[in-house]
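Have a look at the structure below before the remarks.
By convention here, the first residue in the shown sequence is residue 1.
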Amino acid sequence: MLKTKIYWKLKWSMLILAVLASSCLSNTRDEVWDYTIDFGEDRVHGILKLKKTSNSTEVSLVSLDIGTLTLENVLLNEDSLSGNFNIDGDEGILEGSFEGNTFSGKLCIEEEAFQFRAKKQTTKTLAIDRSQINYVLSKDDLAEIESNIDHAGIISDMDREGYKNGERIYSNNCINCHGNEEVEGSIPLSTKFWEQELKAGSDPYSMYQTISRGYGSMPPQPTLTPQDKYDVISYIRHKYLREREKDNYIISTPGYLAGLPQGTSRGPETKPYQPWADMNYGNFFINTYELVDEKTGIERYHSPGPSPYPDEDYIKNNFAYKGIAVRLDKGEGGISKGKAWMIFDHDLMRVAGGWTGTGFIDWNGILLNDKHETYPRTIGKLHFETPVGPGWANPETGSFEDPRFRARDGRAFGPLPKHWANYKGLYHQDDQIVISYSVGTADVLEKLGMESDGKDTLFTRTLNISPSESILKMRIAPETSGVAVLGEGASLSKEEGYFILNVQKSKAVRLKLFIADTKKSELAAVTTGRSTPEDLRKYTLGTGSPHYPEILKTPITKGSDLGAFAVDLLTPPFKNPWACRMKLSGIDFMKDSNKAVACATDGDIWLISGLTDKSGELSWQRIGSGLFQPLGIKVLDDKIYVICRDQLVLLRDFNGDKETDFYESFNHDHQVTDHFHEFAMGLQADKEGNLYYAKSGRHAREALIPQHGTLLKVSSDGAKTDIIATGFRAANGVCINPDGSFLVTDQQGFWNPMNRINWVEGKGKFYGNMWGYNPPKDSTRIAMEQPMVWVDMEFDRSPSELLWVNSEKWGPLNGSLLSFSYGYGKIQLVLNEEIKGQMQGGVVDLPGIKFLTGVMRGRFNPGDGQLYACGMSAWGTNQMLRGGGLYRIRYTGKPITTPTDLKTTTSGIVLGFASKLDPQKATDTANYAVKTWDLKRSSNYGSDRYDEQVLPIGKVELLEDGKSVKLFLDHIKPVDVMSISYDILNENKIPFKGMIQSTIHNLEVDYSL
């Protein structure tokens, strides 16, 4: 028992003694030794440092497990060392003897002694060759500070404090993809440090290069300081690599450190990285929230693997799936800097609860603090709450029974029937938030607020209710709360443990409710002497002052015209008064093509001016905020529609200042659960004004609701939502084809062996995700629609939205199809053909295009005919040099070096180019290579390559147009993936080099043979 007590005191101690060792010695040493303390079942590793000063030697034990212990009263000579230390009030002694390069002794605490051994670190130079490692970024791409980092100094000073910081960084960032020994990461292909080798090196400096510059599917991490990087390296190496690599584990010896680049800087000071909490979202913020009391609430629980994860028992958890959180206290900084809040759940027209505290929420969420498999929770004191169910009783029956769709886990999802209650939208005037909805035939305006009654917080609800054809009942708060009402035409009662507001019919009513968290008999007195509750219509006129009056200016940086495409950087205003992260996720143009609107994942809408006026700069105006994960935007007749996770919003400006005065809920049929992965992606409109978006399914879990993993249609009047297609996993956007069919991408994952580009025709078809809602019983490929193209991870780890080129300015590519890469920050040309009623084709990178972020959406500007694309950096992309980006891509008129056409026949492949080819190079079989492989569709994440083959090319023929070549392939057959590499010249000796990756479902019969 004593040994266990002592061990844990050592194990978790963070003590760093302020007094350095004095010494009484006959000689001095300046050495570093690796030590091990044997605690029986456990061992602690660390470094014994002997640092020579002017006339003494400071001795310390530095361990990532137990912290740093500094010896006092040191006795040091040529053969022995001893000294004492204090740990948690207990006296400790280290004593032992030197014999060559070893030190043996014991560590004693109280009456317990533990074996202590150390080995002197070598000074022999250790050189590591990294010249053959192909990082994502070159050294020139790195910030200037990186050229002067004191790598040896930072590594030498690694300690317990840095290790703990590294653990936090790993838990907040790295674990999402890499996981740990107990929980699989979201990207199973990411390195499992505890069992797999690091391909780009596992010594500290090599890992630093991987983190800084990126390698393979590991993106660069520019937001981490040098100290942060080495802290997380320290954690990964000590936690996972030390035991696995054992004898091959590279120790940071003096010889190793001497081989590192020399520098004098340790980079910028490490500060808490919490941009999600620093941002000013405005006074409301819509999200899915769980309401809990920080001290007494239900413990957070997530089901463990393996996939598919079982459903949690959340039947008792108070989720507001479409929660409008409103700040109640006055002050700057918006909702994140408040002290008191309430949440209105617009699925159910209920106030889910009210709370006070510091910090608003815990910020857990994929598009907040980047955490997966979680959702935000309230923090602080929860004063009152209402159950997950209708806030108002059925106006026809008076019953609170929940009629909504009920999932297999017992929870109900989606909005109440519109004849019962219907959310209309949110007014934002000055610092007031007014929520508009109906109950039965009555229209309701509601404003949430707070007042103080001595030390107590009184939460208030002001309601303006138009005449109703029936008596209305509203659930307010538990009977354990204190409730009072001000105003005529309503009364309080109690029902099933809750206070109920009863509203008379056939009469317009203005009320104010007061809610306290404790029962107070005198609470009714707060209504004495008060005037009639205010008329909320004054907040619906749009007469307030602008919330975001600043117009921000940013430069346009023109790209090089040397290649076929030039990329102009349209810099977002990263430095802005509200600390917005500018993670742009959608763009569209106004009638005035000099202007565009863009949405950002943090809830913002921006109006951008200066796109075509040749001024060389852009003007940015924040015109909306607080929305729930906007991931698509569409302008119809200068009306701005935004697709959010909870609703399709129509932005209304009443006073002409461009800011949104009313966030109209054009459609809120969305079924929303707590799962982090169910994004609402992209927004398109057909000629009739119907709107389309895609909703993702649950990651590593089976669907709960019919809308999981679907393509959805919203009628032009917003009244109805239809499911067009099912079986998607993570469908990032929608493209409408000229014939009215659709293109929808999907991501590699469980039941999805590779990324897909799907050509969607008709209604009711299934696209492969067996963990979607109500999948077919047959899990073979026969029961699913085949993708037009399987897109290998080497080509794009995460395809987003597709777009048809409709601009003459794009020359030979006008009428072609483009695919945007969120995963690699590029654009691909999609070459498609139809054979036997099945669409198939291939993808090829457009040359010379590489963005600083992943690309989400793109539109062609009808004014200048050029392509504008926006993107962001978050989970699932290699391009993380900036949080967000806006780009203009111009075709320069120079030769396009990629194929622009692809045809598949029973005798081979025809590649068509936009310009004539050099006959000698074009017909040389040595300038081409064709490989094929198949995939296995299963419940596993992704697929290996099966039946890999290199197809011999019999001959290459230049066709009559001089622009097309035919590769004759004797062994061509339908295959999941074919890669075709080419290295030829055009007639002007310009290199045409690249690779197409295609899918073959059917072969066109070649009758010419």
Side-chain angles (χ1 to χ4, degrees), residues 276-287 289 291 294 323-344 351-361 363 378-384 426-436 445-464 484 486 510-517 523 526-527 530-550 576-580 602-604 622 624-627 657 659-663:
W276 44 84
D278 295 335
M279 179 173 163
N280 182 343
Y281 298 87
N283 282 349
F284 74 93
F285 187 47
I286 307 176
N287 214 297
Y289 302 97
L291 286 88
E294 191 169 19
I324 306 172
V326 178
R327 177 178 175 175
L328 308 179
D329 59 313
K330 305 294 183 182
E332 300 295 325
I335 196 165
S336 62
K337 306 303 179 187
K339 303 294 181 183
W341 309 266
M342 276 196 278
I343 289 179
F344 184 89
V351 169
W355 77 103
T356 58
T358 301
F360 178 40
I361 55 176
W363 299 103
T378 62
I379 57 176
K381 180 181 179 181
L382 184 62
H383 291 250
F384 77 96
L426 180 151
Y427 294 93
H428 191 194
Q429 181 169 307
D430 296 325
D431 60 351
Q432 302 298 321
I433 309 298
V434 173
I435 299 165
S436 174
L445 294 176
E446 178 164 357
K447 181 167 76 76
L448 309 178
M450 65 166 288
E451 297 180 8
S452 296
D453 180 27
K455 295 182 179 180
D456 296 323
T457 298
L458 299 181
F459 294 88
T460 66
R461 298 178 64 181
T462 302
L463 297 109
N464 291 183
L486 171 66
R510 296 204 327 238
L511 303 169
K512 188 171 185 178
L513 289 169
F514 299 85
I515 307 168
D517 64 340
L523 184 61
V526 303
T527 64
R530 291 177 180 261
S531 59
T532 303
E534 65 182 329
D535 186 343
L536 299 181
R537 290 177 295 178
K538 63 185 178 182
Y539 299 119
T540 68
L541 306 176
T543 56
S545 301
H547 299 100
Y548 315 113
E550 296 88 345
N576 57 77
W578 314 285
C580 301
D602 289 318
D604 294 331
R622 193 186 194 197
S625 62
L627 298 178
D657 65 358
E659 270 197 26
T660 303
D661 300 305
F662 182 51
Y663 296 84

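The shortest side-chain heavy-atom distance between Val326 and Phe344 does not fall under the 4.5 Å cut-off. Two residues are said to be in side-chain contact when any heavy atoms from C-beta on lie closer than 4.5 Å; Val351 and Phe384 meet this criterion. Ile343 is listed as a side-chain neighbour of Trp355, based on a closest heavy-atom distance under 4.5 Å. Side-chain contact between Ser336 and Trp363 is present, with heavy atoms from C-beta onward closer than 4.5 Å. Contact of the Thr358 side chain with the Lys339 side chain is registered, since non-hydrogen atoms from C-beta on lie closer than 4.5 Å.
Rounding to the nearest 0.5 Å gives a distance of 5.5 Å between CG of Leu627 and CD1 of Ile286. From Ile361, atom CD1 reaches atom CG of Leu291 across 11.0 Å, with rounding to the nearest 0.5 Å. Going from atom OH of Tyr548 over to atom OG of Ser625 covers 2.5 Å, rounded to the nearest 0.5 Å. With rounding to the nearest 0.5 angstrom, the CG atom of Asn464 is 8.5 Å from the CG atom of Leu511. Interatomic distance, Leu448 CG to Ile433 CD1, rounded to the nearest 0.5 Å: 9.5 Å. Distance check, rounded to the nearest 0.5 Å: CG of Leu463 to CG of Leu536 gives 8.0 Å.
Residues passing the side chain to side chain donor-acceptor pair (under 3.5 Å) test with Thr660, sequence neighbours excluded: none. Evaluation of the side chain to side chain contact (heavy atoms under 4.5 Å, CB included) rule for Pro549 yields Pro546 as partners, not counting sequence neighbours. Under the side chain to side chain contact (heavy atoms under 4.5 Å, CB included) criterion, Ile379 pairs with Glu294, Asp362, sequence neighbours left out. Shown here are the side chain to side chain donor-acceptor pair (under 3.5 Å) partners of Lys447, two or more places apart in sequence or in another chain: Gln432, Glu534. Contacts of Glu451 classified as salt bridge (charged side-chain N to carboxylate O under 4.0 Å, His left out), with partners at least two apart in sequence or in another chain: Lys512, Arg530. Take Thr532 and apply the side chain to side chain contact (heavy atoms under 4.5 Å, CB included) test, not counting sequence neighbours, and it matches Arg510. Applying the side chain to side chain donor-acceptor pair (under 3.5 Å) rule to Thr543 yields the partners Gln429; only residues at least two apart in sequence or on another chain are considered. Applying the ring-ring contact (aromatic ring centres under 6.0 Å, His included) rule to Tyr539 yields no partners; only residues at least two apart in sequence or on another chain are considered. For Lys381, the side chain to side chain contact (heavy atoms under 4.5 Å, CB included) partners two or more places apart in sequence, or in a different chain, are Asp293, Thr356, His383, Asp517. Checked against side chain to side chain donor-acceptor pair (under 3.5 Å), Asp329 has the following partners two or more places apart in sequence or in another chain: Arg327. In this structure, the salt bridge (charged side-chain N to carboxylate O under 4.0 Å, His left out) partners of Asp431, at least two apart in sequence or on a different chain, are Lys330.
Of all the heavy atoms in Gly544 and Asp430, the pair that sits closest is CA-OD1, 3.4 Å. The shortest non-hydrogen separation linking Leu486 to Pro533 is O-CG, 3.5 Å.
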Under 3.5 Å donor-acceptor pairs involving side-chain atoms of residues 277-284, not counting sequence neighbours:
from   : atom 1 : to     : atom 2 : distance (Å)
Asn280 : OD1    : Gly282 : N      : 2.8
Tyr281 : OH     : Trp276 : O      : 2.6

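Using a 4.0 Å cut-off between charged nitrogen and carboxylate oxygen, Arg461 and Glu446 count as a salt-bridge pair.
Judged purely by atom type and a 3.5 angstrom limit, Trp341 has no side-chain atom pairing as donor or acceptor with the backbone of Phe360. Not a single donor-acceptor pair under 3.5 Å links the side chain of Asn287 to the backbone N or O of Tyr289.
Relative ring orientation between Tyr427 and Phe662 is described as parallel, the plane-to-plane angle staying below 30° on a 0-90° scale split at 30° and 60°.
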